Amino acid sequence: MVGRSVKFGDIIHVQSQYNCPFGSIWLAGGRGSNCDGVWTKAIDYCPTCYQWQIRSNVGPGGLNAADPRAGESVTFGDIVHLQSQYNCP
């Protein structure tokens, strides 16, 4: 979107720019038997596996944990952490 900046605390989807013959592929987290796998694939039955929170730090590790810089725009040079929003059973 033109004119809209990405902010700490935002939930985003990350699409690969690889020209995959099977269509669009996306970054998915919380996969595998230990829910620690990350890979790219077409969106399937797990919508939250494809949602990532932009964080300024690793935080306490829980989903929806407040980010200390929530609402601030991410700028060039900022270090960001991506946290999968999948709630592993």
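Just so it is clear, the model here is predicted, and its values are computed rather than measured. Excluded from the calculations below are hydrogen atoms, water molecules and symmetry mates; all remaining heavy atoms, backbone and side chain alike, are included.
- Partners of Asp36 by side-chain hydrogen bond (donor to acceptor under 3.5 Å, both in side chains), not counting sequence neighbours: none found.
- Rounded to the nearest 0.5 angstrom, Thr75 OG1 and Lys7 NZ are separated by 12.0 Å.
- The heavy-atom pair separating Ala65 from Gln53 by the smallest distance is O-NE2, 3.7 Å.
- Atoms CG and SG, on Asn87 and Cys49 in that order, are 10.5 Å from each other to the nearest 0.5 Å.
- Under the 4.5 Å side-chain heavy-atom criterion for ILVMFWY residues, no single connected hydrophobic cluster contains both Leu82 and Ile11.
- Here the closest heavy-atom approach between residue Val80 and residue Phe8 is recorded as CG1-CE2, 3.8 Å.
- Separation of atoms NZ (Lys41) and OG (Ser16) is listed at 14.5 Å; rounding is to 0.5 Å.
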Handout entry: Residues Thr40, Val14; criterion side-chain contact (heavy atoms from CB on, under 4.5 Å); working and verdict
Key = CA-CA 9 Å; Thr40 55; Val14 181; over 6 Å; no

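- Between the side chains of Gln51 and Ser84, no donor-acceptor pair of N or O atoms lies under 3.5 Å.
- Atom CG in Asp67 sits 9.0 Å away from atom NE2 in His81 (nearest 0.5 Å).
- Trp52 places a side-chain N or O within donor-acceptor distance of the main-chain N or O of Leu27, the cut-off being under 3.5 Å.
- The backbone N or O of Pro68 sits nowhere less than 3.5 Å from a side-chain atom of Arg55 that would complete a donor-acceptor pair.
- The OG1 atom of Thr48 sits 6.5 Å away from the OH atom of Tyr86 when rounded to the nearest 0.5 Å.
- Atom CZ of residue Arg69 and atom CD1 of residue Ile54 lie 11.5 Å apart, to the nearest 0.5 angstrom.
- Counting only distance, with no hydrogens or angles, the side chain of Tyr50 and the backbone of Gln85 share no donor-acceptor pair below 3.5 Å.
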